[in-house]
Amino acid sequence: MPSLPQSVKTYREQRRGKWAKFVHYMSKPSSHVIIAIDGPAGAGKSTAAQRLACLLGFRYVDSGAMYRAVGWLVHACALPLEEPAAILGCLERTPVSLTFHNGTLEIWMAGQCVTSHLRSEAVARAASAVATMPGVRQMITAQLRHIGCQADVVMEGRDIGTVVFPDATIKFFLDASLQVRGQRRMQEMHQVGNTTTLGQVVEAMARRDSQDRARTVAPLVQSPEAHTIDTTDLTVDEVVQIMLSEIRRALPREEG
Ligand code: DC
């Protein structure tokens, strides 16, 4: 893991003090802390959520990876996207297990860890399509709620604060300009050897955005209680700092 900036390190050190008190206070078995982070692709959710989870000592759950895992299954089994019943049937027959490695979710399908196979464009396309299917959403939502009942989590996605955990401890909605989101996604793709152009990335992203926002089941919408952060001109560290101060404000008891 790359070394963290000083300001973030300071927060990590504070975990022994104020943050440890906060974590302890909120970690009673009956009330796990749920930090919900929603927003469109490329808004910077994953990096900020991972860093926040690491600082607080919480589990990090990327709910999009679960939709991508179903997309991977569809792709691997060559299932037609126009046949939701066949997809759901296949999903029901496939043994799925979820484990945590260093606090991060790993997804196993039919005994194979698929986590490292979820970033291709084909899988992303299939994930966006299966995410419109009510049966698939129900299964994934149930699994996400189960995870949230077991431990304190930072969970990111599109409907975490609206559908999965409407009573989340605190909710954030991250957004950024389409151009900046496209640039971020393109950099990620280039890092894994994919040489897609910015124009192609932006176009695919805009298409998936409108699919995510327009679907009838659990569309991407902002919860009225969510703290909005426009990450267009912010560094990850700045986003995390804003989140930490909102978390602190939401828990005035820990301020004294
Ligand atoms: O965040 P991502 O790009 O890995 O998500 C993959 C797809 O899953 C994307 O089309 C949005 C969808 N998704 C969703 O509908 N609900 C979530 N909670 C998370 C992701």
Side-chain angles (χ1 to χ4, degrees), residues 34-50 53 59-75 81 84 87-88 91 98 104-107 114-148 153-166 168 171-176 178 181-189 191-192 194 196 201-223 226 231:
I34 311 287
I35 298 179
I37 304 178
D38 290 306
K45 302 185 300 288
S46 302
T47 324
Q50 281 175 58
R59 283 180 170 178
Y60 162 64
V61 181
D62 168 13
S63 65
M66 295 180 58
Y67 288 94
R68 283 173 183 263
V70 179
W72 175 87
L73 185 69
V74 165
H75 198 58
L81 284 170
I87 292 172
L88 203 56
L91 187 56
L98 307 172
T104 296
L105 180 66
E106 284 190 336
I107 304 171
V114 299
T115 317
S116 61
H117 304 295
L118 305 179
R119 294 288 135 195
S120 74
E121 189 50 36
V123 166
R125 247 194 326 271
S128 188
V130 300
T132 64
M133 299 173 188
V136 171
R137 295 205 76 86
Q138 263 169 27
M139 282 179 78
I140 292 181
T141 297
Q143 283 173 332
L144 293 172
R145 286 184 181 148
H146 182 66
I147 293 171
V153 293
V154 176
M155 191 176 286
E156 58 137 316
R158 305 293 191 285
D159 64 341
I160 307 305
T162 50
V163 174
V164 183
F165 290 110
K171 303 176 187 180
F172 294 99
F173 191 91
L174 268 52
D175 209 345
L178 181 60
R181 293 193 290 118
Q183 270 160 2
R184 289 173 183 161
R185 186 47 61 95
M186 190 184 68
Q187 267 164 18
E188 274 170 29
M189 292 171 102
Q191 272 163 16
V192 293
N194 184 326
T196 321
V201 176
V202 166
E203 195 190 314
M205 199 170 240
R207 204 174 35 244
R208 277 204 299 277
D209 271 4
S210 57
Q211 196 160 13
D212 290 342
R213 289 181 199 270
R215 67 177 174 235
T216 43
V217 199
L220 171 64
V221 283
Q222 182 173 352
S223 161
T231 69

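Basis for what follows: all heavy atoms, side chains included, without hydrogens, waters or symmetry-related copies. Atoms within a ligand are numbered from 1 in the order they appear, just like the ligands themselves. The first residue in the sequence is number 1, and the count goes up from there.
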Original post:
Pick from Ile140, Leu73, Val130: which one makes a side chain to side chain contact (heavy atoms under 4.5 Å, CB included) with Leu91?
Top reply: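 For Leu91, the side chain to side chain contact (heavy atoms under 4.5 Å, CB included) check succeeds only for Leu73.
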* **Reference residue Asp175; test side chain to side chain contact (heavy atoms under 4.5 Å, CB included); the match among Arg181, Gln222, Lys45** =>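 Single side chain to side chain contact (heavy atoms under 4.5 Å, CB included) partner of Asp175 among Arg181, Gln222, Lys45: Arg181.
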Residue [X] vicinity, atoms of ligand 1 by number, heavy atom under 4.0 Å:
X	answer
Ala131	12 (C), 15 (O)
Ser128	10 (O)
Gly157	18 (N), 19 (C)

Which part of [X] is near ligand 1, with near meaning a heavy atom under 4.0 Å away: side chain, backbone, both or neither?
X	answer
Arg68	side chain
Arg137	side chain
Val164	neither

I'd like to know if the side chain of [X] and the backbone of [Y] have a donor-acceptor N/O pair within less than 3.5 Å.
X	Y	answer
Arg145	Phe165	no
Thr104	Tyr60	no
Ser210	Ala206	yes

When you compare ligand 1 with Ser63, is there at least one nitrogen or oxygen pair between them that comes in under 3.5 angstrom?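 Yes, there is a polar N/O contact under 3.5 Å.
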Any nitrogen or oxygen of Lys45 lying under 3.5 Å from a nitrogen or oxygen in ligand 1? Just yes or no.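 N/O-N/O distance below 3.5 Å does not exist for this pair.
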Could you work out, with side-chain hydrogen bond (donor to acceptor under 3.5 Å, both in side chains) as the rule, every residue matching Ser46, not counting sequence neighbours?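 Counting only residues at least two positions away or on another chain, Ser46 forms a side-chain hydrogen bond (donor to acceptor under 3.5 Å, both in side chains) with Glu156.
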Got the closest protein heavy atom to [atom], with its distance?
atom	value
atom 8 (O) of ligand 1	Tyr67 CB, 3.4 Å
atom 1 (O) of ligand 1	Arg158 NH1, 2.8 Å
atom 18 (N) of ligand 1	Asp159 OD1, 2.8 Å
atom 7 (C) of ligand 1	Ala127 CB, 4.0 Å

**OP:** Would you please test Arg207 and Gln211 for side-chain contact (heavy atoms from CB on, under 4.5 Å) and show each step?
**Re:** CA-CA 6 Å; Arg207 204 174 35 244; Gln211 196 160 13; 5.7 Å; no
Exercise for review: Give every residue pair that meets the salt bridge (Lys or Arg N to Asp or Glu O under 4.0 Å) criterion with at least one member in residues 116-139, sequence neighbours excluded.
Suggested key: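 Only Asp62-Arg119, Glu121-Arg208, Arg137-Asp159 qualify under salt bridge (Lys or Arg N to Asp or Glu O under 4.0 Å).
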Report task. Pick whichever of Ala129, Gly64, Ala126, Gly71 has a heavy atom sitting closest to atom 5 (O) of ligand 1. Result ->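 Among Ala129, Gly64, Ala126, Gly71, the closest heavy atom to atom 5 (O) of ligand 1 belongs to Gly64.
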Problem - Residue pair Arg184, Glu188: steps toward the salt bridge (charged side-chain N to carboxylate O under 4.0 Å, His left out) verdict - result: CA-CA 6 Å; Arg184 289 173 183 161; Glu188 274 170 29; over 6 Å; no
Determine whether any heavy atom of Arg215 lies closer than 4.0 Å to an atom of ligand 1.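 A heavy atom of Arg215 does come that close to ligand 1.
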